[in-house]
There are 2 protein chains.
Amino acid sequence: MDAQRAAILEAAVELLAEHGYVGCSMSGVAARAGIATGGVYRHFSGKAELVAELFRVVVSREVAAVEQAAAGSGDLTSRIVAVVETFAGRALKAPRLAYALLAEPVDAVVEQERLVFRRKFAEVFTKWVEEGMRAGVLPRQDAALTAAALVGAVAEVLVGPLAAGSADPDTIPSLVTFTVRALGGNDARNA
Amino acid sequence: MDAQRAAILEAAVELLAEHGYVGCSMSGVAARAGIATGGVYRHFSGKAELVAELFRVVVSREVAAVEQAAAGSGDLTSRIVAVVETFAGRALKAPRLAYALLAEPVDAVVEQERLVFRRKFAEVFTKWVEEGMRAGVLPRQDAALTAAALVGAVAEVLVGPLAAGSADPDTIPSLVTFTVRALGGNDARNA
DNA sequence: TTAAGCAGTGAATCGCGATTCACTGCTTAG
DNA sequence: CTAAGCAGTGAATCGCGATTCACTGCTTAA
């Protein structure tokens, strides 16, 4: 059965959310999953495979949350607002996890997954930027670059608060303002 | 004498630029500096101290380059252009080093230094954003947040090319355009 | 000239987590 | 009922880089 595989992954997710990547030792994950160290190797070829899949699981949850949030609202601006609010809001609610996803040092294998993570978000943004340009709401621009830049911008702004402790309550609104301005959206051009 | 300390650091810088953080093992650095492993411990209490100082050295060079580039030009826009061009240009010329500075996984001690690095750049930006607001060239905004966001944006856009191989030659101009627009600068609002 | 002291040596040791493996039960097909 | 096979055990082993340390030479001051 593969319920165990899922259970082990869930244990790893918990540890990641509690203690970050360092907390995800094979023995730690095994213990949390309620099995012995060696048991993990029945389901994963090694740490690399476990961790890669761990990241994939967590990332797809985040991407799904963001896409769903965006799907709800209508015009471009409210979509972007929804994306940033969801992304940032979730990050601030699960700081340890967000930090692990965005910035925490990990080994090379995982780093690849992290790049994938960021690229996925960037792709979501790219889609909307292109749509905005077609609709004439946004100025001409390199959509992929803008998207990557926005992902970086949001991540960077969040990492400070995440690494420290608390965040200014204005962080999210300010971030939204920045995003809209950076896109060149025709409302909210100032303030 | 402390010429040796400097020589060891320089060896570490070389290794960092060639092979990234992973290349900076104590024995590797010692070998490159032309001394035996143990010798390094005459000058540094341990790896943590060595690496922290290594980062400080490299970072201060980068910050100095950027500040100098900005000091040359006159109006706000050209300063910003200079900053982004310098920062990105240097990064693309020394990709391994830039990657190590911006994104490569490292241990906790170094991570602190990395945050310092990014904060320093953000501070440089903050100064100019505030100046721009005073001069009425830029709209009201949370200067520190904008600055952090821009550092993140530039870093993120660069990490892709750095991790892969080559960069689109339009990367830097596009980045400059993005930056100006994100600041809300009154020229270059589109295109 | 002698002795203290410092830079440097490099093999041995440590620490730490990943990985292995001989072994224990349970489950299930024949 | 029996034997194969699979999930799981957990102590031993590995790998790897940081760190230590007894020892070697050079330099310098008395």
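Quantities reported herein were computed from a predicted structural model and do not represent experimental measurements. Lettering follows sequence order; numbering is per chain, from 1. All heavy atoms count here, side chains included; hydrogens, waters and symmetry mates do not.
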Rounded to whole Å, please give me the gap between [atom1] in [X] and [atom2] in [N].
X	N	atom1	atom2	result
B:R42	C:dG10	CZ	C1'	13 Å
A:D2	D:dC6	CG	C1'	14 Å
B:R5	C:dC6	CZ	P	17 Å

Taking A:R96 for the side chain and A:A17 for the main chain, is one N or O donor matched with an acceptor at less than 3.5 Å? no
Closer than 3.5 angstrom, by distance alone: can the side chain of A:R32 be matched with the main-chain N or O of A:A11 as a donor-acceptor pair? no
Can you establish whether the number of heavy atoms outside A:E18 located under 6.0 Å from its atom CD is more than 12? yes
Could you report the tightest heavy-atom contact between [X] and [Y], atom names first, then the distance?
X	Y	result
A:R140	A:M133	CA-SD, 3.7 Å
A:D75	A:S78	OD1-OG, 2.7 Å
A:C24	A:L16	SG-N, 3.8 Å

B:K47 to B:Y21 six-membered ring, cation-pi geometry met (6.0 Å, 45°): yes
Under 3.5 Å, which protein N or O atoms sit close to an N or O of nucleotides 15-21 of chain D? Give each pair with its distance.
residue, atom, partner, partner atom, Å
D:dA18, OP1, B:K47, NZ, 2.4
D:dA18, OP2, B:M26, N, 2.8
D:dT19, OP2, B:Y41, OH, 3.0
D:dT19, OP2, B:K47, N, 2.8

Near-ring test B:F87/B:F121, centroid separation under 6.0 angstrom: yes
For Watson-Crick and G-U wobble pairs within 3.5 Å on both distances, what is DNA chain D written in dot-bracket notation, | included for inter-strand pairing? ||||||||||||||||||||||||||||||
Would you say D:dC6 has OP1 or OP2 under 4.0 Å from some side-chain N or O of A:Q4? no
